[in-house]
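Report on one structure; see the data block that follows.
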Amino acid sequence: MGGLRDPGLYGLVLMAVMASAGGAWGDCLLLAGSVALAYRLFLLWMDRGAPWPPLTAALNALTGGALAGMAGIALLAGIGAVGLGWWQPPAPHPAPALMFIVFGAAWCCWSRHSFGGAMAELKVWLWLVGGTVLAMEAYGRGLTMAPCLFALVIGVAMLWAGWRLVRFTSPAMLRSGSKTQ
């Protein structure tokens, strides 16, 4: 695996600004994008520190899985509130949403300095950009729930990713420690 540049504080600041803007504007696209960015930054942080001692790696995967799951549940709860009529999100903010997602993509791709790693990271972000554009286009054509449906998809993806980290990755990290001794 190629090396990684430090995703560092700037990535976290970008994620925090994105989440703050999404929370202040009630924008489903920004909230979902900030959750996806936080998850990708966590994975970069995990890869950057490799090789971790097996117990540390397992605890990191367990923690990351739990946090991804909680973020997914939070997104799903917000979408549930919309579905029940408890919250009416305003119109999405397409320019800031795309800008932040593209900045997040650039930051995460730049954090990998191998071409293969950057291309693998780019594939994930192209799906996010495509989903964002599709949601904005559907919203423009009258499907007002489209941004929230995009957030629903991201929430389900976070639940699935968190479950995989907790269920498969964490135990595999623990088992890897017993095989080397």
Side-chain angles (χ1 to χ4, degrees), residues 1-2 4-5 7 10-19 21-23 25-48 61 64-80 82 89 91-141 143-169:
M1 179 177 165
L4 296 167
R5 294 186 179 108
Y10 296 119
L12 292 176
V13 168
L14 178 62
M15 185 269 310
V17 169
M18 190 174 184
W25 293 334
D27 192 322
C28 293
L29 294 173
L30 284 168
L31 290 171
S34 68
V35 166
L37 177 59
Y39 179 71
R40 297 308 298 175
L41 288 172
F42 170 77
L43 293 179
L44 284 168
W45 174 77
M46 283 275 300
D47 286 349
R48 184 176 168 267
L67 291 174
M70 286 189 290
I73 289 170
L75 281 176
L76 294 178
I79 302 312
V82 170
H93 298 81
L98 271 177
M99 179 189 69
F100 278 121
I101 289 175
V102 167
F103 283 166
W107 188 258
C108 289
C109 290
W110 177 82
S111 294
R112 299 190 180 269
H113 64 54
S114 73
F115 182 74
M119 288 297 104
E121 190 72 36
L122 183 61
K123 287 177 192 175
V124 172
W125 287 100
L126 286 176
W127 280 103
L128 280 166
V129 168
T132 302
V133 169
L134 184 64
M136 288 187 297
E137 182 64 26
Y139 182 85
R141 294 184 183 260
L143 183 60
T144 57
M145 284 291 291
C148 292
L149 292 175
F150 174 72
L152 176 77
V153 170
I154 298 296
V156 169
M158 288 297 101
L159 278 173
W160 179 75
W163 177 76
R164 290 194 49 86
L165 278 172
V166 169
R167 173 67 178 94
F168 298 110
T169 306

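Residues take their numbers from the sequence shown, with the count starting at 1. Scope of the values below: all heavy atoms of this structure, side chains included, with no hydrogens, waters or symmetry mates.
At a threshold of 4.5 Å between non-hydrogen side-chain atoms, the residues Met136 and Leu98 count as touching. Looking only at side-chain heavy atoms (C-beta outward), Pro96 and Trp25 come within less than 4.5 Å of each other. Under the 4.5 Å side-chain criterion, counting only non-hydrogen atoms from C-beta, Leu165 is in contact with Phe42. Using a 4.5 Å heavy-atom threshold, the side chains of Val156 and Leu76 count as touching. Taking 4.5 Å as the limit, every side-chain heavy atom of Pro89 sits out of range of all side-chain heavy atoms of Pro147.
Taking CG of Leu31 as the reference point, atom CZ of Phe150 lies at 11.5 Å (rounded to 0.5 Å). Rounded to the nearest 0.5 angstrom, Cys28 SG and Tyr139 OH are separated by 10.5 Å. In this structure, Met119 CE and Glu121 CD are separated by 10.5 Å, a value rounded to the nearest 0.5 Å. Taking CZ of Phe100 as the start and CG of Leu29 as the end, the distance is 13.0 Å to the nearest 0.5 Å. Here the CG atom belonging to Leu12 is positioned 5.5 Å from the CE atom belonging to Met15, to the nearest 0.5 angstrom. We find the OG-CG distance between Ser111 and Leu41 to be 7.0 Å, quoted to the nearest 0.5 Å.
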The test is ring-ring contact (aromatic ring centres under 6.0 Å, His included); show your working for Trp160 and Trp163 and say whether it passes.
CA-CA 5 Å; Trp160 179 75; Trp163 177 76; 8.0 Å; no

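A donor-acceptor contact shorter than 3.5 Å is absent between the side chain of Asp27 and the backbone of Pro92.
The shortest heavy-atom contact between Ala71 and Val35 is CB-CG1, 3.8 Å. Here the closest heavy-atom approach between residue Tyr39 and residue Ala68 is recorded as CD1-CB, 4.0 Å. Summarising the geometry of Leu128 relative to Ala36, their closest heavy-atom pair is CD1-CB, 3.7 Å, with the distance given to 0.1 Å. Minimum heavy-atom separation, Ala61 to Thr169: CB-CG2, 4.0 Å. Shortest non-hydrogen contact noted between Cys108 and Trp125 is CB-NE1, 3.6 Å. Closest heavy-atom contact between Ala151 and Ile79: CB-CD1, 3.8 Å.
For the pairing with Ile101, the side chain to side chain contact (heavy atoms under 4.5 Å, CB included) check across Leu37, Thr132, Leu30 returns one residue only, Thr132.
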